[in-house]
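Since the structure comes first, as structure tokens, the remarks are kept for the end.
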Amino acid sequence: MAGYTSIALGALLLLSCAAWGSATVYTVGGSSGWNTGINYTDWTSGKTFTVGDSLLFNYATGAHTVTEVNSGDYDSCSSSNAISSETNGPTTIQLKTTGTRYYICSISGHCGLGMKVAVTVGSSGSPSTPPPPSTSTPSPPSSTTNGNHSSAPGLAPASAVASLAGLVVLLF
Ligand SMILES: *[C@@H]1O[C@H](CO)[C@@H](O)[C@H](O)[C@H]1NC(C)=O
Ligand SMILES: *[C@@H]1O[C@H](CO)[C@@H](O)[C@H](O)[C@H]1NC(C)=O
């Protein structure tokens, strides 16, 4: 019985892991990380950010900052009215609410060198991209040239199931 219980618990654990799998961690800039000389507008294009996702800014402490600013300061590369600022790399930012977030590097000149990223966060309840239409190619019918199908192959799996069931009954 103990074995059966742990199997059931394991299945439950797997299920809850699958449920958590919807939250995505986006590494800002991909393998380039948080750095000068990168076009982060290009990086965000085509990505969908939703509440529950997070941004991972990869940089060395002291080299850069992750400073959240308003849209006007984002445009002008000003960090004087910063909403928040992280200086210890790497930095993970949780996207907890919908709306557009603006992040720049507050180190002099870096924002002008491209270190600015705007992320629009959508509701997690919004429908995700629909699955691609299933282009189901009909599987070719099994060989019909030989109409001599004995019933023996069909019986084999059935009897296997029957003996398995017997085994389970024996175990309990
Ligand atoms: C980033 O690339 C886009 C087009 O992909 C362009 O419109 C934009 O000006 C670029 N930004 C910078 C800072 O070069
Ligand atoms: C069908 O099976 C029988 C006996 O197993 C065999 O003699 C016969 O040749 C088979 N026919 C075909 C079409 O395979």
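Numbering of residues begins at 1 and proceeds along the displayed sequence. Quantities reported herein were computed from a predicted structural model and do not represent experimental measurements.
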Are I107 and T65 close enough that some pair of their side-chain heavy atoms sits under 4.5 Å apart? yes
Taking the side chain as C-beta and beyond, is there a heavy-atom pair between S54 and Y26 under 4.5 Å? no
Contacts satisfying side chain to side chain donor-acceptor pair (under 3.5 Å) that involve residues 68-77 (not counting sequence neighbours) are D73-N81
Validation: residues 84-99 side-chain donor-acceptor distances under 3.5 Å, sequence neighbours left out:
from, atom 1, to, atom 2, distance (Å)
S85, OG, T67, OG1, 2.7
T91, OG1, Y59, OH, 2.7
T91, OG1, N88, O, 3.2
T97, OG1, R101, NH2, 2.6

How far does CG of N35 sit from NE2 of H110, to the nearest 0.5 angstrom? 8.5 Å
A side-chain contact here means heavy atoms from C-beta on lying under 4.5 Å apart; do V121 and V51 qualify? yes
Shared ILVMFWY cluster between M115 and V28, side chains joined below 4.5 angstrom? yes
Once ring pair (Phe, Tyr, Trp, His ring centres under 6.0 Å) is applied, do any residues pair with Y103, and if so which ones, sequence neighbours excluded? F57
Could you give the distance from CG (L55) to NZ (K47), rounded to the nearest 0.5 Å? 11.0 Å
Which atom pair, heavy atoms only, marks the closest approach of T27 to W43? O-CZ2, 3.1 Å
Taking the side chain as everything from C-beta on, heavy atoms only, tell me whether N58 gets closer than 4.5 Å to W34. no
Do you know which two heavy atoms are closest between A118 and T44, and how far apart they sit? O-CG2, 3.6 Å
In Å, rounded to the nearest 0.5 Å, how long is the span from CD1 of I38 to CG of L113? 11.0 Å
Check step by step if side chain to side chain donor-acceptor pair (under 3.5 Å) holds for T50 and D53. CA-CA 6 Å; T50 53; D53 292 347; 3.1 Å; yes
Less than 2.5 angstrom apart at the SG atoms, yes or no, for C105 and C111? no
